[in-house]
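Start at 1 and go down the list; that is how both ligands and their atoms are numbered.
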Amino acid sequence: MKVNQAEIVMSAVSKAQYPEEHLSEIALSGRSNVGKSSFINKMIQRKSLARTSSKPGKTQTLNFYLINESFYFVDVPGYGYAKVSKREREAWGRMMEEYFTTREPLKAAVLLIDMRHPPTEDDLIMYDFLKYYDLPVIVVATKLDKISKSKRQKHLKVIEDDLELEPEDVVMPFSAETGEGKDQVWGKIKGFL
Ligand SMILES: Nc1nc2c(ncn2[C@@H]2O[C@H](COP(=O)(O)OP(=O)(O)OP(=O)(O)O)[C@@H](O)[C@H]2O)c(=O)[nH]1
Ligand SMILES: [Mg+2]
């Protein structure tokens, strides 16, 4: 996909702030620090349109990025970050539920899993949550550049098995560092737009 235009249109904390023109949306989801914001930047070839950080918990709002004036990537705060209070966790849960369960323009979720480790309990819950609401899920294994070539298949298989992937889903390896996997993931995303 050739991206000619990309801009942030809204940082939202509730429904009233979501964009109104109802273009298709593709949402990112995954643990804090897994690489959701980096994924967006790499996919659209912008170094730092979406803010990233080596510290978890960078993204705190639903950030709507308009791409080619035709659809949105929605960057979402991550889960599984230990240093959040119960109140913050509950607020996060409400925000996620409100968005993922009621948003009509949402066409698919990209669920990012850190390829270096088996999925966490929270990853399994997130996958099941998305499936429960009948949202198409694109499972992307990130940080591919950190795994040696000989170990890649094994790591992908662990993700597949632990998530108990439905037959229609596959795990797509990706690196926001090298761009490996980018074209394949674009191919998959285009199918939902
Ligand atoms: N080597 C490598 N590093 C990556 C990759 N993707 C992300 N990172 C690094 O991982 C860290 C976290 O990336 P972010 O994109 O901010 O992660 P996030 O999922 O948006 O995190 P939150 O906003 O906290 O939920 C940063 O230091 C990135 O540079 C990748 O594919 N390879
Ligand atoms: Mg982020």
Shortest protein heavy-atom distance from atom 16 (O) of ligand 1, along with the residue and atom involved =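 Of the protein heavy atoms, S53 N, 3.1 Å lies nearest.
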Give the minimum heavy-atom separation between E166 and Y127, together with the two atoms involved.
->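 Nearest heavy atoms, E166 then Y127: N-OH, 3.0 Å.
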At what distance, to the nearest 0.5 angstrom, does CG of L23 lie from CG of L66?
->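 One gets 6.5 Å once the value is rounded to the nearest 0.5 Å.
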In the protein, what heavy atom is nearest to atom 24 (O) of ligand 1, and what distance, to one decimal place, separates them?
-> G57 N, 2.7 Å
For atom 3 (N) of ligand 1, grab the closest protein heavy atom and report residue, atom and distance to one decimal in Å.
->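 Ranked first by proximity to atom 3 (N) of ligand 1 is E177 OE1, 3.9 Å.
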Residues, nucleotides or ligands: over 12 heavy atoms within 6.0 Å of R152 CZ =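 For R152, atom CZ is crowded (more than 12 foreign heavy atoms under 6.0 Å).
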Quick one: pull up OH in Y65 and CD in E7 and give me the separation to the nearest 0.5 Å.
->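 Going from the OH atom of Y65 to the CD atom of E7 covers 11.5 Å.
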Would you indicate whether E164, at its atom CD, is surrounded by more than 12 heavy atoms from other residues, nucleotides or ligands within a distance under 6.0 Å?
->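 Not more than 12 within 6.0 Å, no.
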Kindly work out whether a path of hydrophobic side-chain contacts (I/L/V/M/F/W/Y, heavy atoms less than 4.5 Å apart) joins Y72 to I8.
->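 Cluster IDs for Y72 and I8 differ.
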Subset of ligand 1 atoms that lie under 4.0 Å from at least one heavy atom of D145 =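 Heavy-atom distances to D145 below 4.0 Å select 1 (N), 2 (C), 30 (C), 31 (O), 32 (N).
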Identify the two heavy atoms, one from K188 and one from E168, that lie closest to each other, and give their separation to 0.1 Å.
->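 Closest approach of K188 to E168, heavy atoms only: NZ-O, 4.5 Å.
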For ligand 1, is there an atom lying under 4.0 Å from some heavy atom of S175?
-> yes
Say whether R31 and ligand 1 are in contact under the criterion: heavy-atom distance to a ligand atom below 4.0 Å.
-> yes
When only distance counts, is S37 in polar contact with ligand 1, meaning an N/O pair under 3.5 Å?
->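 Between S37 and ligand 1, an N or O pair is found under 3.5 Å apart.
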Hey, could you give me the CE/OH distance between M126 and Y79, rounded to the nearest 0.5 Å?
-> 6.0 Å
Among S11, S37, S29, the one residue meeting side chain to side chain donor-acceptor pair (under 3.5 Å) with D75 = S37
Are any of the side-chain heavy atoms of V170 and V139 separated by less than 4.5 Å?
-> no
Which residue supplies the protein heavy atom nearest to atom 15 (O) of ligand 1, what is that atom called, and how far is it?
->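 Of the protein heavy atoms, S38 OG, 2.6 Å lies nearest.
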Give yes if a backbone or side-chain nitrogen or oxygen of K36 is under 3.5 Å from a nitrogen or oxygen of ligand 1, and no if not.
->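 Among all N and O atoms of K36, at least one is under 3.5 Å from an N or O of ligand 1.
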Atom CD of E88 with >12 non-hydrogen neighbours under 6.0 angstrom = yes
In terms of atom number and element, which parts of ligand 1 are under 4.0 angstrom from non-hydrogen atoms of G78?
->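 Checking each atom against G78, I get 25 (O).
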Considering only the protein, which heavy-atom contact is closest to atom 17 (O) of ligand 1, and what is its distance?
->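 Nearest neighbour among protein heavy atoms for atom 17 (O) of ligand 1, to 0.1 Å: G35 N, 3.2 Å.
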Nearest neighbour in protein (non-hydrogen) for atom 21 (O) of ligand 1 =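 Answer, as residue, atom name and distance: N33 N, 2.9 Å.
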Around atom 8 (N) of ligand 1, find the nearest protein heavy atom and jot down its residue, atom name and distance.
-> K143 CE, 3.7 Å
Could you state the interatomic distance from NZ (K55) to OG (S32), rounded to the nearest 0.5 Å?
->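 Here the rounded value is 12.5 Å.
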Pair N68, S70: side-chain N/O donor-acceptor within cut-off below 3.5 Å =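 Not at all, the side chains of N68 and S70 share no donor-acceptor pair under 3.5 Å.
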Against heavy atoms of S54, which atoms of ligand 1 measure under 4.0 Å?
->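 Answer for ligand 1: 27 (O).
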Any N or O on F39 sitting closer than 3.5 Å to an N or O of ligand 1?
-> no
Name the atoms and distances for all side-chain donor-acceptor pairs under 3.5 Å in residues 110-120, with sequence neighbours left out.
from: D114; atom 1: OD1; to: R116; atom 2: N; distance (Å): 2.9
from: D114; atom 1: OD1; to: R116; atom 2: NE; distance (Å): 3.1
from: D114; atom 1: OD2; to: R116; atom 2: NE; distance (Å): 3.4
from: D114; atom 1: OD2; to: R116; atom 2: NH2; distance (Å): 2.8
from: T120; atom 1: OG1; to: D122; atom 2: N; distance (Å): 3.4
from: T120; atom 1: OG1; to: D123; atom 2: N; distance (Å): 3.1
from: T120; atom 1: OG1; to: D123; atom 2: OD2; distance (Å): 3.3

Report yes if some N/O of T59 lies less than 3.5 Å from some N/O of ligand 1; otherwise report no.
-> yes
For the Mg ion (ligand 2), state how many protein N, O or S atoms fall inside a distance shorter than 2.8 Å.
->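 Count of protein N, O, S atoms less than 2.8 Å from the Mg ion (ligand 2): 2.
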Could you tell me the residue and atom name of the protein heavy atom closest to atom 6 (N) of ligand 1, and the distance to it rounded to 0.1 Å?
-> A176 CB, 3.6 Å
